[in-house]
Novice: 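So that we are looking at the same thing, I have put the structure below in structure tokens.
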2 protein chains.
Amino acid sequence: MTANAIETHDVFQAIADPTRRKVLQLLVEKELPISEISSHFPMSRTAVAKHLRILSEANLVSSRKMGREKRYRLQPESFNELKQWLTYFERFWENKLSKLRYVVENDDEVTLDIHPKHDE
Amino acid sequence: MTANAIETHDVFQAIADPTRRKVLQLLVEKELPISEISSHFPMSRTAVAKHLRILSEANLVSSRKMGREKRYRLQPESFNELKQWLTYFERFWENKLSKLRYVVENDDEVTLDIHPKHDE
DNA sequence: TTGACATGCAACCAAATGGTTCTATATAAT
DNA sequence: ATTATATAGAACCATTTGGTTGCATGTCAA
């Protein structure tokens with residue numbers, strides 16, 4: 001067992017992977033052992049175990065031993081961290097002054113919300 | 001989903017990188033050209049350009065030409081997608097029955113079926 | 001026209017990521 | 001006691017990611 005104190009995974013990193021997001025969704029219903037979780041994926045149990053390790057290090061899930069099983073469950077704390085990060089950006093489209101600035105600096109018919117899309 | 005652009009990168013992937021998150025924070029204040037953005041980072045302009053491309057493809061930012069500049073700005077749409085994803089998990093710690101289940105299951109198995117369904 | 005500025009893009013590279021197989025250990029059941 | 005179950009982890013591998021340099025293109029200002 002490597003130390004889990006130092007090796008902390010960034011929560012943004014942790015939710016970047018679609019497999020890990022699906023794992024989180026499975027755990028919304030109830031706590032599950034790794035073998036049960038991995039039965040929902042086309043990959044090996046070892047691969048899922050690595051995903052669970054990353055989720056654990058990001059404090060998105062926690063685990064506890066139940067006999068020979070180890071059950072994983074969601075942990076709210078890092079979800080709150082994500083929510084706070086998002087909240088920071090809400091001022092962009094909720095702040096009237098921001099909207100005003102766009103009008104002033106662009107001196108065109110900007111309505112701030114959805115603009116014509118530019119392709120690359 | 002309101003995306004009318006081809007979403008090559010998913011938004012979770014896009015916000016996984018700390019540089020890209022910092023870029024988003026810079027753009028909260030006002031729209032900026034790439035040279036101005038990259039002046040805030042120790043990496044090359046090209047590297048920042050790649051990050052901006054990923055953010056664009058995730059519909060987190062958009063851009064428009066202004067003379068010889070290309071200005072980038074935030075786009076709310078994908079932030080909303082993130083918020084919705086988070087909202088899905090809120091019932092985990094806001095739902096009193098979920099909390100109860102954990103208490104009960106500490107002794108043995110009791111299954112309360114109180115979950116809707118949701119898929120990605 | 002010339003030069004400086006702002007960006008775009010191809011080619012390349014090291015490290016991180018997401019997967020595999022094989023082996024080992026601990027617990028449960030017969 | 002033996003066998004089946006549940007997990008842990010090492011070693012390895014291919015692809016993706018995040019960065020670089022060098023060069024090309026477009027625009028503004030003298």
Side-chain angles (χ1 to χ4, degrees), chain A residues 1-24 26-27 30-58 60-73 105 118-120, chain B residues 7-24 26-27 30-58 60-73 105 108-109 120:
Chain A
M1 267 136 287
T2 29
N4 44 8
I6 276 188
E7 280 188 65
T8 253
H9 260 88
D10 179 8
V11 64
F12 294 93
Q13 225 324 84
I15 63 169
D17 184 89
T19 298
R20 289 195 287 270
R21 292 200 297 276
K22 196 176 168 193
V23 167
L24 293 176
L26 286 174
L27 293 178
K30 59 176 180 176
E31 63 176 16
L32 294 171
I34 185 170
S35 53
E36 169 66 23
I37 296 172
S38 70
S39 73
H40 291 81
F41 298 92
M43 66 193 68
S44 69
R45 183 186 49 74
T46 302
V48 175
K50 288 186 181 181
H51 286 304
L52 282 167
R53 180 182 185 84
I54 290 170
L55 290 171
S56 290
E57 287 171 350
L60 285 162
V61 306
S62 61
S63 59
R64 57 173 181 156
K65 285 274 293 211
M66 293 283 289
R68 59 180 164 180
E69 286 184 345
K70 188 177 179 184
R71 294 198 189 161
Y72 289 84
R73 65 166 72 153
E105 289 187 352
H118 349 258
D119 299 342
E120 324 224 338
Chain B
E7 195 169 319
T8 309
H9 276 89
D10 86 88
V11 63
F12 295 94
Q13 192 12 52
I15 63 168
D17 185 90
T19 298
R20 289 196 287 270
R21 292 200 298 277
K22 196 177 167 192
V23 167
L24 293 176
L26 286 173
L27 294 177
K30 60 173 180 176
E31 63 176 15
L32 294 172
I34 184 170
S35 54
E36 169 66 22
I37 296 171
S38 69
S39 74
H40 290 80
F41 298 92
M43 67 192 67
S44 69
R45 183 186 46 79
T46 302
V48 175
K50 289 185 181 182
H51 286 305
L52 282 168
R53 180 177 187 87
I54 289 170
L55 290 171
S56 290
E57 288 172 348
L60 284 162
V61 307
S62 63
S63 59
R64 58 173 181 156
K65 285 272 292 209
M66 292 284 288
R68 59 181 162 179
E69 287 185 345
K70 188 177 180 185
R71 294 198 190 161
Y72 290 84
R73 66 168 70 150
E105 279 191 348
D108 208 0
E109 94 283 271
E120 250 192 35

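By convention in this document, chain letters (A, B, ...) are assigned in the order of the sequence lines, proteins followed by strands, and residues within each chain are numbered from 1.
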Novice: Report yes if at least one side-chain N or O of B:S44 is closer than 4.0 Å to OP1 or OP2 of D:dT20; otherwise report no.
Specialist: yes

Novice: Would you kindly give the OH-to-C1' distance between B:Y72 and C:dA6, to the nearest whole Å?
Specialist: 11 Å

Novice: Looking at the side chain of B:R68, which of D:dG26, C:dA28, C:dG19 is the nearest nucleotide?
Specialist: D:dG26

Novice: For the side chain of A:K70, counting heavy atoms from C-beta on, which of D:dG19, D:dA8, D:dT27 is nearest?
Specialist: D:dA8

Novice: Would you mind reading off the distance between B:K65 atom NZ and D:dT27 atom P, rounded to a whole angstrom?
Specialist: 5 Å

Novice: Between the side-chain atoms of A:K50 and the base atoms of C:dT20, is any donor-acceptor pair under 3.5 Å?
Specialist: yes

Novice: I want to confirm an ordering. Mapping A:G67 and A:I54 to their closest nucleotides on DNA chain C, which one lands closer to the 5' end?
Specialist: A:I54

Novice: I want to check one thing: is the phosphate of C:dA6, taken as OP1 and OP2, less than 4.0 Å away from some side-chain N or O of B:R71?
Specialist: no

Novice: State whether the side chain of A:R21 and the backbone N or O of A:I15 hold a donor-acceptor pair below 3.5 Å, judged by distance alone.
Specialist: yes

Novice: Could you tell me if the side chain of A:D17 sits less than 4.5 Å from the side chain of A:H51, heavy atoms only?
Specialist: yes

Novice: Ignoring backbone atoms, establish whether A:R20 has a side-chain N or O less than 4.0 Å from OP1 or OP2 of C:dG18.
Specialist: yes

Novice: Round to a whole Å and report the spacing from CG of B:L52 to P of C:dG8.
Specialist: 9 Å

Novice: Write down the distance between CE (B:M43) and C1' (C:dA15), rounded to a whole number of angstrom.
Specialist: 15 Å

Novice: Please report the distance, rounded to the nearest Å, between CG in A:D10 and P in C:dT17.
Specialist: 10 Å

Novice: Determine whether a donor-acceptor pair (one donor, one acceptor, N or O, separation below 3.5 Å) exists between the side chain of A:T46 and the base of D:dG9.
Specialist: yes

Novice: Among the nucleotides C:dA4, C:dG18, C:dT20, which one has an atom lying closest to any side-chain atom of A:D17?
Specialist: C:dG18

Novice: When the distance from CD of A:E69 to P of C:dT27 is rounded to whole Å, what number comes out?
Specialist: 13 Å

Novice: Let's see if you can work this out: which of D:dA8, C:dG18, C:dA4 has an atom nearest to the side-chain heavy atoms of A:H51?
Specialist: C:dG18

Novice: Could you tell me how far apart A:R64 (CZ) and D:dA6 (P) are, to the nearest whole angstrom?
Specialist: 17 Å

Novice: Taking only heavy atoms on the protein side, list every residue of residues 34-42 of chain B lying under 4.0 Å from any atom of DNA chain C, sorted numerically.
Specialist: B:I34, B:S35

Novice: If you take all heavy atoms of B:H40 and B:K22, which pair is closest and at what distance?
Specialist: O-NZ, 3.4 Å

Novice: Reckon B:Q13 has a side-chain N or O less than 4.0 Å from the OP1 or OP2 of D:dT16?
Specialist: no

Novice: Establish whether the base of C:dG8 is bridged to the side chain of B:R53 by a donor-acceptor pair shorter than 3.5 Å.
Specialist: no

Novice: What's the NE2-C1' distance between B:H9 and D:dT17, to the nearest Å?
Specialist: 9 Å

